[in-house]
2 protein chains.
Amino acid sequence: MNGIHNLSAGCPEFPAVLERVFGFAASVQQYMEAGLAAHGLSRARATVVWLVHRGGPQTQRALAKAIGVTARNITALVDGLEESGFVRRTAHPDDRRALLVQLTDQGKAVTAGLAAEYERHSAYLFAGLSEEQVRQFVATMDTVMGRLAQVATATADR
Amino acid sequence: MNGIHNLSAGCPEFPAVLERVFGFAASVQQYMEAGLAAHGLSRARATVVWLVHRGGPQTQRALAKAIGVTARNITALVDGLEESGFVRRTAHPDDRRALLVQLTDQGKAVTAGLAAEYERHSAYLFAGLSEEQVRQFVATMDTVMGRLAQVATATADR
DNA sequence: GACAGATTGTGTATGCCATTCACTATGTAT
DNA sequence: ATACATAGTGAATGGCATACACAATCTGTC
């Protein structure tokens with residue numbers, strides 16, 4: 001406002017913004033987990049279900065790689081999902097070591113239910129915002145996410 | 001684009017947006033936890049440290065209420081933080097049942113280090129965005145957070 | 001075809017986060 | 001003085017995630 005602009009940044013009061021981003025992320029995750037819990041799913045298990053829903057029957061190894069956790073962890077998650085009836089393990093047609101994880105009818109029902117619920121909620125969460133505002137919001141999220149990845153690799157290489 | 005607008009919403013493709021919000025939240029938390037881990041803190045323990053940093057010496061009960069977890073959980077978290085030297089338990093001056101949790105010098109050093117690090121990163125994360133863009137981003141986060149709270153209480157009451 | 005090395009899944013052990021229930025010690029109000 | 005509430009913790013349980021070790025299987029090479 002005083003005519004002097006910070007070239008390297010573009011906006012003052014960044015730390016406060018990052019703190020709010022942290023709070024926002026926490027709220028979103030809390031909301032998400034509450035919704036999943038109502039359907040008998042935890043965040044970790046829901047991630048598995050969602051990946052199988054998206055990508056079709058997959059080996060546990062593929063799921064481990066996609067989620068970024070150890071294979072052993074997937075075994076435990078699929079154990080739980082199988083016990084509660086969301087997924088089923090089947091023999092891999094070509095590889096006798098591997099197992100294919102696929103959704104049961106109950107698993108398909110819950111993904112459909114969740115998708116419908118999130119669609120309904122989405123309409124409410126962003127109601128009143130213009131198309132342009134939502135577009136901008138998504139764009140900024142993408143920008144920040146990209147930079148986060150860069151910061152992560154930069155600190156990992158150090 | 002075809003001239004027909006959805007009055008109740010204002011923007012199409014909401015479900016995709018919510019999915020991206022979920023992804024954004026996950027990325028942010030992953031980034032945050034990585035930064036904390038580099039300083040020897042987990043998310044849960046860092047929350048305690050941050051609250052004590054913000055609010056000064058407090059009872060474990062107050063921390064439990066502020067974070068929204070059980071008192072028993074705080075006992076365990078403070079146990080860990082005390083063992084690694086971030087906080088110290090002191091007798092409450094007026095209430096012999098209660099303990100005050102306060103930061104050690106190491107605890108103060110780590111909060112200062114984290115704050116500095118986040119400030120540096122913030123400048124990078126939002127670099128290139130105009131002040132107005134950042135303001136809009138924060139405003140939208142606030143709007144969505146408020147609605148999330150409403151959805152949460154609505155489903156809790158049901 | 002046999003053998004070395006990689007891959008797939010899982011047993012065992014460990015650690016953190018978080019909960020419930022039960023209990024002691026202490027504070028508070030009647 | 002008695003009844004009730006509050007502060008912290010022990011014991012037990014469960015989910016998430018890891019590391020290490022191991023058997024079964026696949027793959028490439030000689």
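Within every chain, numbering begins at 1; the chains are lettered A, B, ... in the order of the sequence lines, protein sequences first and strands thereafter.
- B:L99 comes within 4.0 angstrom of the backbone, heavy atoms only, and of no base.
- Nucleotide C:dC16 holds its P atom 16 Å from the CD1 atom of B:I74, rounded to whole Å.
- Aromatic ring pairs are classed by plane angle as parallel below 30°, tilted from 30° to 60° and perpendicular above 60°; the pair A:F22 and B:Y118 is perpendicular.
- Here the C1' atom of nucleotide C:dC16 and the CD atom of B:E33 are 11 Å apart, to the nearest Å.
- Across D:dG8, C:dG9, D:dA17, the shortest atom-to-atom separation from the side chain of B:T59 is found for D:dG8.
- One can find a donor-acceptor pair under 3.5 Å joining the base of C:dG11 and the side-chain atoms of A:R72.
- More than 12 non-hydrogen atoms from other residues, nucleotides or ligands lie less than 6.0 angstrom from CD of B:Q102.
- Residue contacts shown for B:N73 include a base, since a base heavy atom lies under 4.0 Å away.
- When heavy atoms are screened at a 4.0 angstrom cut-off, B:R96 is found touching the sugar-phosphate backbone but no base atom.
- Look at A:E82 and A:R88 and you find no salt bridge, because none of the NZ, NE, NH1 or NH2 atoms lies under 4.0 Å from a carboxylate O.
- A 6.0 Å sphere centred on CD of B:Q30 holds no more than 12 heavy atoms belonging to other residues, nucleotides or ligands.
- With rounding to whole Å, B:L41 atom CG is found 19 Å from C:dG15 atom P.
- Across all strands shown, B:L77 has heavy atoms under 4.0 Å from sugar-phosphate atoms exclusively, and none from any base.
- Counting only heavy atoms from C-beta on, A:D95 has its side chain closest to D:dT25 among D:dT25, C:dG27, C:dT20.
- The nucleotide whose nearest atom lies closest to any side-chain atom of B:S42 is, among C:dC16, D:dT18, C:dT10, C:dC16.
- Distances shown here put a side-chain N or O of B:R89 below 4.0 Å from the OP1 or OP2 atom of D:dT9.
- Relative to the side chain of B:R61, the nucleotides D:dC16, D:dA7, C:dT10 differ in distance, and D:dA7 lies closest.
- Of all nucleotides listed (C:dT10, D:dC16, C:dC17), C:dC17 comes nearest to the side chain of B:R43.
- Rounded to an integer number of Å, the gap from CG of B:L100 to C1' of C:dT26 is 15 Å.
- If you take CD of B:E83 and P of C:dC17, they are 12 Å apart, rounded to a whole angstrom.
- Taking only side-chain atoms of A:A44, from C-beta outward, the nucleotide of D:dA24, D:dA17, C:dT26 with the closest atom is D:dA17.
- For A:R97 and A:G68, each mapped to the nucleotide of DNA chain D holding its nearest heavy atom, the one lying further toward the 5' end belongs to A:G68.
- In terms of position on DNA chain D, the residue among A:T70 and A:D94 whose nearest nucleotide sits closer to the 5' end is A:T70.
- A cation-pi geometry, defined here as NZ or CZ lying under 6.0 Å from the six-membered ring centre and within 45° of its normal, holds between A:R147 and B:Y124.
- C:dC17 atom P lies 11 Å from atom CD1 of B:I67, rounded to whole Å.
- Across the protein-nucleic acid pair, B:D79 atom CG and C:dC17 atom C1' stand 13 Å apart, rounded to whole Å.
- Taking the six-membered ring where tryptophan is involved, the planes of A:F137 and A:F126 are tilted, since the angle between them lies from 30° to 60°.
- Regarding B:Q60, its CD atom lies at a distance of 17 Å from the P atom of D:dT6, rounded to whole Å.
- Looking at the side chain of A:A98, the nearest of the listed nucleotides D:dC16, C:dG9, D:dT9 is C:dG9.
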